[in-house]
Protein chains: 2
Amino acid sequence: MSRVPRADRLPLSRERILAAALEVLDADGLEGLTMRRLADTLGVGAMSLYRHVTDRDDLLDLVVEGILAETEIPASTGGWRTDLEAIARAARVGLLRHRGATVLVTTRLGLGRGGLAAVERTLGVLRAAGFDDATAVAANRALGNLVAGAVLYEAAGLGGAQGDDRARRRDQGRALMAALPEDEFPNLRAAAGAMFAVSADAAFDAGLAALLDGFEGLLARGHA
Amino acid sequence: MSRVPRADRLPLSRERILAAALEVLDADGLEGLTMRRLADTLGVGAMSLYRHVTDRDDLLDLVVEGILAETEIPASTGGWRTDLEAIARAARVGLLRHRGATVLVTTRLGLGRGGLAAVERTLGVLRAAGFDDATAVAANRALGNLVAGAVLYEAAGLGGAQGDDRARRRDQGRALMAALPEDEFPNLRAAAGAMFAVSADAAFDAGLAALLDGFEGLLARGHA
DNA sequence: CCGTCTTGCGTACATTGTACGCCTTGCGTA
DNA sequence: TACGCAAGGCGTACAATGTACGCAAGACGG
């Protein structure tokens, strides 16, 4: 059944591949995650990977599942609102741990166990709070979409691609902002300061709070 | 100065390239949009494209800008809330017109004029409604993130890749749902019906309404 | 000791983006 | 009218990538 590998080198496995993939991903971004590069990182031939992974696509699924597994959902604290806040924040932080993969995660959600666990928790909190199924589903989706959008935006905004682009894009953004015609984009110009001043955390929390306020109102008015 | 092309074939241009790119994109998805395929569609050699586009990346930027230009933002109707609703809905619908490009658009936002116009409008509505700059920025971001998340989710959910996958993924989703262990995912199981029953439009509108409710409360309480 | 199963791998190929340089075309100018 | 030239289309070529195929080496059961 279970073969024992040569003693001088521990055998390949999906786990080891996943770990190396995350490493490469964080270092070189999604485009840098090639089969050969990954194999090199593992000190292994490129084709060896295919014994444990059917496809590059399969590899990416593995990465997504790994990231989701890595982001743990906090336990309940009692209140539905604080629970949802905690879940959403944890999800955002967790997904931002591997910025190169945000596109993957937001694109391939809903397939494996990892995503389902978060949905299960969220639905559980909502239904326990008294939301009916339809509203709970909508609220869950809205929360997920908000997190997905935020994560994507933040990952891209700081330099979607690789390290160096980061500073470049930010400067580019500022310059572009300053170069906008005042008469055509007055509000952008006026709010530009606030735009760069607001921290990503604060902006996310504000949006999240507003959304939860909204659902709280629904519940209070019995429309849920 | 301006050369006249041969009469039998109108010359290449960014506009024509854009149109063809959208066509290919809608037909074959993002992965199907290769330089050669695009050139073929235009009845032209692959390298000819590079006279008008520096990169594939540049081409994708062109596509994004084209899609944004295509999605027109509705004019003001008077109320800030209905305005924001209209803008968000229009954005969602507009971006969903080319499902293969949702990843692009949500990833490359904030670069060109197209995205900025929507932000300008949104900020204008918010600031005119009495929101301070910081809150307006946060609200704009939340709205954008919600739209981005929804668009991505819907595009991926109906078959992120190409036509055939659509039915496959949906069936896969249902099957996966039914196969979930009852004791581990009770809420998912219970809400599964509602999950597939709720239309994407309704779900989006519900989330949007809740978010706007939240900001309305902020404004009413003077916290904006 | 021998088949056999597992797993790593070398080679090879199709597909992609794109650098380079040629060639045609039609204009402006002399 | 003739010339030269710039713009724009294109053929060839190459590097990088995903991956099919089949071989080889080791470990295990008999």
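Model, not experiment: these values are computed from the prediction. Proteins get letters first, then strands, A, B, ... in listed order; numbering begins at 1 in each.
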**Item:** Close side-chain approach of B:Pro186 and A:Glu120, heavy atoms under 4.5 Å
**Value:** yes
**Item:** Short side-chain N/O contact from B:His52 to OP1 or OP2 of D:dG9, under 4.0 Å
**Value:** yes
**Prompt:** Could you state the OH-C1' distance from B:Tyr50 to C:dG21, rounded to the nearest angstrom?
**Reply:** 16 Å
**Message:** Would you say that B:Leu22 contacts B:Arg97 through its side chain, given a criterion of any heavy-atom pair below 4.5 Å between the two side chains?
**Reply:** no
**Request:** Flag the pair B:Asp205 / B:Glu85 as yes when at least one side-chain heavy-atom distance between them is below 4.5 Å, and no otherwise.
**Result:** no
**Request:** Could you tell me whether the side chain of B:Asp58 reaches within less than 4.5 Å of the side chain of B:Arg14, counting heavy atoms only?
**Result:** yes
**Asked** Rounded to the Å, how far apart are B:Asp40 CG and C:dG17 P?
**Response** 12 Å
**Heavy-atom check, side chain of B:Leu188 versus side chain of B:Met195, under 4.5 Å** = yes
**Message:** Base contacts versus sugar-phosphate-only contacts with protein, heavy atoms under 4.0 Å: please encode nucleotides 10-16 of chain C as B, S and - from 5' to 3'.
**Reply:** BB----B
**Complete:** From CZ of B:Arg51 across to C1' of C:dC22 the rounded distance in Å is 10 Å
**Request:** Check the distance between D:dT19's C1' and A:Asp55's CG and give it to me in whole angstrom.
**Result:** 9 Å
**Request:** Indicate yes or no: at least one non-hydrogen side-chain atom of B:Leu96 is less than 4.5 angstrom from one of B:Arg99.
**Result:** yes
**Complete:** Between the CZ atom in A:Arg92 and the CD atom in A:Glu154, the distance rounded to the nearest 0.5 Å is 4.0 Å
**Asked** Given pairs defined as Watson-Crick or G-U wobble with both distances under 3.5 Å, what dot-bracket annotation applies to DNA chain C, with ( ) intrastrand, [ ] crossing, | other strand and . unpaired?
**Response** ||||||||||||||||||||||||||||||
**Message:** In whole Å, I'd like the distance from the CZ atom of A:Arg37 to the P atom of D:dT17.
**Reply:** 10 Å
**Item:** Protein-nucleotide distance (B:Leu49, atom CG; D:dC10, atom P), rounded to Å
**Value:** 9 Å
**Message:** Just so I know, are the side chains of B:Glu184 and B:Leu180 near enough to count as touching, which here means a heavy-atom distance under 4.5 Å?
**Reply:** no
**Message:** Does C:dT7 have OP1 or OP2 under 4.0 Å away from a side-chain N or O of A:Ser48?
**Reply:** no
**Item:** Any side-chain heavy-atom pair of B:Leu38 and B:Val44 under 4.5 Å
**Value:** no
**Item:** Euclidean distance, atom CG of residue B:Leu12 to atom P of D:dG9 [Å, nearest integer]
**Value:** 5 Å
**Complete:** Separation of D:dT17 atom C1' from A:Asp57 atom CG, nearest Å, is 15 Å
